[in-house]
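Here the structure comes first, spelled out in structure tokens, and everything after it is commentary.
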Amino acid sequence: MAEAQLTISNKNYSSWSLRGWLLCKLAGLDFEEVSVPIDDPSMRAELLLLSPSFLVPCLSHNGINIWDTLSIAEYLAELKPDCPILPKDVKKRAHCRSVAGEMHSGFFNLRSALPMNLKAHYPGFKVFHGAQADIDRVAAIWRACLAAYGGPYLFGELSLADAMYAPVATRFLTYDVKLDPVSADYCRSVMVWPAMEEWVAAAKAEPEEFEELDVEF
């Protein structure tokens with residue numbers, strides 16, 4: 001039996017599920033996936049027992065239920081202090097938390113205008129002005145981190161920050177967003193992360209569930 005359960009939603013669309021799943025992979029946690037269709041009333045009732053706000057992902061471990069992606073990250077970092085979720089250096093760790101927190105609480109225009117859809121590709125997609133400001137800010141964060149810590153990931157090695165921004169990298173590819181060379185290289189590094197390759201393959205194998213895009217669960 002697996003050490004833990006991670007409740008997630010549709011892999012093609014659910015960016016928050018992806019973030020939580022990547023964090024569990026980074027921690028080396030032995031976990032079982034439980035997929036919950038949010039639009040199924042019986043499944044919503046089941047999810048309510050785990051997360052009072054119906055949030056996914058939700059990690060269940062040792063009788064504890066943890067929802068909210070940053071809470072899952074902090075729990076896993078405490079549970080497995082040798083895992084790479086948070087950098088060991090105190091300054092890097094504070095910087096990592098800051099950029100992860102900005103992703104967690106911001107970029108609403110980007111999320112609404114460019115919903116995650118791993119099966120789709122829209123060459124020449126027209127990005128509206130509000131979303132472009134978010135894109136520019138994400139790219140600025142990436143360039144600053146990569147310059148400061150040498151890459152190939154935001155803090156050198158894989159970390160919480162990469163898990164938080166991985167769905168954004170997929171969006172940039174889906175909607176053919178024009179990026180500077182440094183940011184484009186980072187997107188490619190994210191997409192060849194073995195855990196990402198595993199998730200994307202599973203997402204593309206899923207049956208279609210939605211007639212229109214769901215932005216964030």
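None of the values given here were measured: they were computed from a predicted structure.
Shown here is E157, whose CD atom has no more than 12 heavy atoms of other residues, nucleotides or ligands within 6.0 Å. In the displayed structure, K88 atom NZ is contacted under 6.0 Å by more than 12 heavy atoms of other residues, nucleotides or ligands.
Using a 4.5 Å cut-off on side-chain heavy atoms (C-beta onward), Y165 and M103 make contact. Taking 4.5 Å as the limit, some side-chain heavy atom of L18 sits within range of a side-chain heavy atom of M196. Considering only heavy atoms from C-beta on, E3 stays 4.5 Å or farther from E32 through its side chain. Residues D134 and R111 have side chains not in contact (no heavy-atom distance under 4.5 Å, counting atoms from C-beta outward). Counting only heavy atoms from C-beta outward, the side chains of L59 and L76 approach each other to under 4.5 Å. With contacts defined as side-chain heavy-atom distances shorter than 4.5 Å, the pair L110/Y175 does not qualify. At a threshold of 4.5 Å between non-hydrogen side-chain atoms, the residues C83 and L26 do not count as touching. Using a 4.5 Å heavy-atom threshold, the side chains of L179 and C187 count as touching.
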side-chain contact (heavy atoms from CB on, under 4.5 Å) assessment of V56 paired with W67: CA-CA 7 Å; V56 291; W67 60 94; over 6 Å; no
Determine whether F172 and W142 satisfy the following criterion, ring pair (Phe, Tyr, Trp, His ring centres under 6.0 Å), listing intermediate values before the conclusion. CA-CA 13 Å; F172 288 170; W142 290 359; 5.6 Å; yes
Could you go through L114 and F125, starting from their C-alpha distance and side-chain angles, then the distance that decides it, and tell me whether this counts as side-chain contact (heavy atoms from CB on, under 4.5 Å)? CA-CA 10 Å; L114 309 177; F125 185 83; 3.4 Å; yes
Residues I8, V34; criterion side-chain contact (heavy atoms from CB on, under 4.5 Å); working and verdict: CA-CA 6 Å; I8 61 173; V34 178; over 6 Å; no
Check against side-chain contact (heavy atoms from CB on, under 4.5 Å), Q132 and F128: CA-CA 6 Å; Q132 187 60 53; F128 86 96; over 6 Å; no
Yes or no on salt bridge (charged side-chain N to carboxylate O under 4.0 Å, His left out) for K178 and D176, after CA distance, side-chain angles and deciding distance? CA-CA 6 Å; K178 305 308 178 191; D176 197 28; 3.2 Å; yes
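Note that the OG atom of S60 and the CG atom of N65 stand 4.0 Å from one another [nearest 0.5 Å]. Note that CD1 of I141 and CG of D136 are 11.5 Å apart. Values are rounded to the nearest 0.5 Å. Rounded to the nearest 0.5 Å, atoms CG (L160) and CD1 (I72) are 11.5 Å apart. Distance check, rounded to the nearest 0.5 Å: CE of M116 to CG of L118 gives 4.5 Å. Atoms CG and OG, from L154 and S159 in turn, are 6.5 Å apart once rounded to the nearest 0.5 Å.
If you chain together hydrophobic residues whose side chains sit under 4.5 Å apart, V182 and V99 fall into the same group. In the hydrophobic clustering of ILVMFWY residues, with side-chain heavy atoms under 4.5 Å counting as a link, M191 and W21 come out together.
Nearest heavy atoms, A161 versus C96: N-SG, 3.8 Å. Of all non-hydrogen atoms in G20 and T69, the two that sit nearest each other are N-CG2, 4.1 Å. A pairwise comparison of heavy atoms in L146 and P152 identifies CD2-O, 3.7 Å as the closest pair. Considering all non-hydrogen atoms of both residues, L173 and H121 come closest at O-CD2, 3.2 Å. The minimum heavy-atom distance between F31 and C24, with the atom names listed, is CE2-CB, 3.4 Å. Scanning all heavy atoms of the two residues, the minimum distance from P115 to S112 falls at CD-O, 3.8 Å.
Looking at D162, its side chain never comes within 3.5 Å of a backbone N or O of Y153 through a donor-acceptor pair. A donor-acceptor contact shorter than 3.5 Å is absent between the side chain of N62 and the backbone of I64. S183 contributes no side-chain N or O that, together with a main-chain N or O of D180, makes up a donor-acceptor pair within less than 3.5 Å. In this structure a side-chain-to-backbone donor-acceptor pair under 3.5 Å is missing from R93 to L86. Although no hydrogens or angles enter the test, the distance criterion places a donor-acceptor pair under 3.5 Å between the side chain of R19 and the main chain of M164. For the pair T174 (side chain) and N117 (backbone), a donor-acceptor distance under 3.5 Å is present. S17 contributes a side-chain N or O that, together with a main-chain N or O of S9, makes up a donor-acceptor pair within less than 3.5 Å.
Ion pairing between R188 and D185 holds under the 4.0 Å rule for side-chain N and carboxylate O. Of the charged side-chain nitrogens involved, none lies within less than 4.0 Å of a carboxylate oxygen, so that K119 and E206 do not count as a salt-bridged pair. Ion pairing between E74 and R97 holds under the 4.0 Å rule for side-chain N and carboxylate O. In this structure, E33 pairs ionically with K11, as a charged nitrogen and a carboxylate oxygen lie closer than 4.0 Å.
Residues forming a side chain to side chain contact (heavy atoms under 4.5 Å, CB included) with S98 (at least two apart in sequence, or on another chain): none. Under the salt bridge (Lys or Arg N to Asp or Glu O under 4.0 Å) criterion, K204 pairs with no residue, sequence neighbours left out.
For the ring-ring contact (aromatic ring centres under 6.0 Å, His included) condition, the pairs that include at least one residue of residues 69-104, sequence neighbours left out, are W16-H104, H61-Y75, H95-Y149, H95-F155.
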